[in-house]
Amino acid sequence: MSAADPAMPVLTATVLQSPDPVRLARFWGALTGWTVHEDGPTWLRVRPADGGVGLSVQYDDAYQAPTWPPAPGTQGMQLHLDLQVEDLGAATARALELGATEAAFQPQDDVRVLLDPDGHPFCLFLPGA
């Protein structure tokens, strides 16, 4: 919490819904190099070693993957994660090896839109992009 204002909230995690939270948390842990904390089969935390902002994954049997790019009448994207990388080609290849898929639509040459194993969009981008 902020010492200046104890009522000021502090973001600790973004929560992703998943029909298979163990698999998804392990994907994000492998992709980021963060530690996966299995609090149970329905709730997992993925956190950096420095204790910074992380991800959580929550079981949701009704989860529907969003459509990218958005299309009328389909499940829309609620959010996406941006991850800066130094080598876009190598980082994309690594993400694909871990289970991501490359989105068919790529809006920029210096950004790669990928989908995690449950279809959550995320972007890999170069500094300055």
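Since we're looking at a predicted model, the values are computed, not measured. Side-chain atoms are counted along with the backbone in the values below, which use heavy atoms only and exclude waters and symmetry mates. By convention here, the first residue in the shown sequence is residue 1.
The shortest non-hydrogen separation linking Arg47 to Gly52 is CD-O, 4.3 Å. Nearest heavy atom pair, residue Gly119 against residue Ala65, reads CA-CB, 4.1 Å. Residues Ala25 and Val46 share a closest heavy-atom pair of O-CG2, 3.7 Å. Between Leu55 and Trp34 the shortest heavy-atom distance is N-CZ3, 4.1 Å. Between Glu86 and Leu126, the shortest heavy-atom contact is O-CD2, 3.7 Å. Closest approach of Phe122 to Ala95, counting heavy atoms only: CZ-CB, 4.4 Å.
Side-chain contact between Gln17 and Val15 is present, with heavy atoms from C-beta onward closer than 4.5 Å. A 4.5 Å side-chain heavy-atom check between Pro121 and Pro66 finds at least one atom pair inside the cut-off. For the pair Leu88 and Arg112, the minimum side-chain heavy-atom distance is below 4.5 Å. Side-chain contact between Pro19 and Asp61 is absent, with no heavy atoms from C-beta onward closer than 4.5 Å. In this structure, Gln58 and Ser18 have side chains that are not in contact, with every pair of non-hydrogen atoms separated by 4.5 Å or more. Put simply, the side chain of Pro117 reaches to within 4.5 Å of the side chain of Arg23, judged on heavy atoms.
Panel note: side chain Arg45, backbone Glu38; no donor-acceptor pair is recorded below 3.5 Å. Looking at His80, its side chain never comes within 3.5 Å of a backbone N or O of Leu115 through a donor-acceptor pair. Under a 3.5 Å cut-off, the side chain of Tyr63 and the backbone N or O of Asp118 do form a donor-acceptor pair.
How far CG of Asp110 is from CZ of Phe125: 10.0 Å, rounded to the nearest 0.5 Å. One distance of note links CZ of Arg26 with CG of Leu98; it measures 14.0 Å at 0.5 Å rounding. Note that CH2 of Trp28 and OG1 of Thr14 are 10.0 Å apart. Values are rounded to the nearest 0.5 Å. Distance check: Asp87 CG to Leu124 CG gives 10.5 Å after rounding to the nearest 0.5 Å.
Hydrophobic clustering (side-chain heavy atoms under 4.5 Å, transitive across Ile, Leu, Val, Met, Phe, Trp, Tyr) keeps Leu44 apart from Tyr59. When the side chains of ILVMFWY residues are joined at heavy-atom separations under 4.5 Å, either directly or via intervening members, Trp43 and Val53 end up in two distinct hydrophobic clusters. Connection of Leu81 to Leu96 is established within a shared hydrophobic cluster, with ILVMFWY side chains joined at heavy-atom distances below 4.5 Å, either directly or through further cluster members.
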Steps toward side chain to side chain contact (heavy atoms under 4.5 Å, CB included) verdict (Thr92, Leu114): CA-CA 8 Å; Thr92 299; Leu114 301 170; 4.2 Å; yes
Quick one, Asp116 with Leu24, criterion side chain to side chain contact (heavy atoms under 4.5 Å, CB included). Give me CA distance, side-chain angles, the key distance, then yes/no. CA-CA 8 Å; Asp116 75 12; Leu24 190 61; 3.3 Å; yes
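Classification of the Trp68-Phe105 ring pair by plane angle, with boundaries at 30° and 60°, yields tilted.
With ring centers used as reference points, His120 lies 6.0 Å or more from Phe27.
For Asp50, the CG atom is densely surrounded, since the number of other residues' heavy atoms within 6.0 Å is greater than 12.
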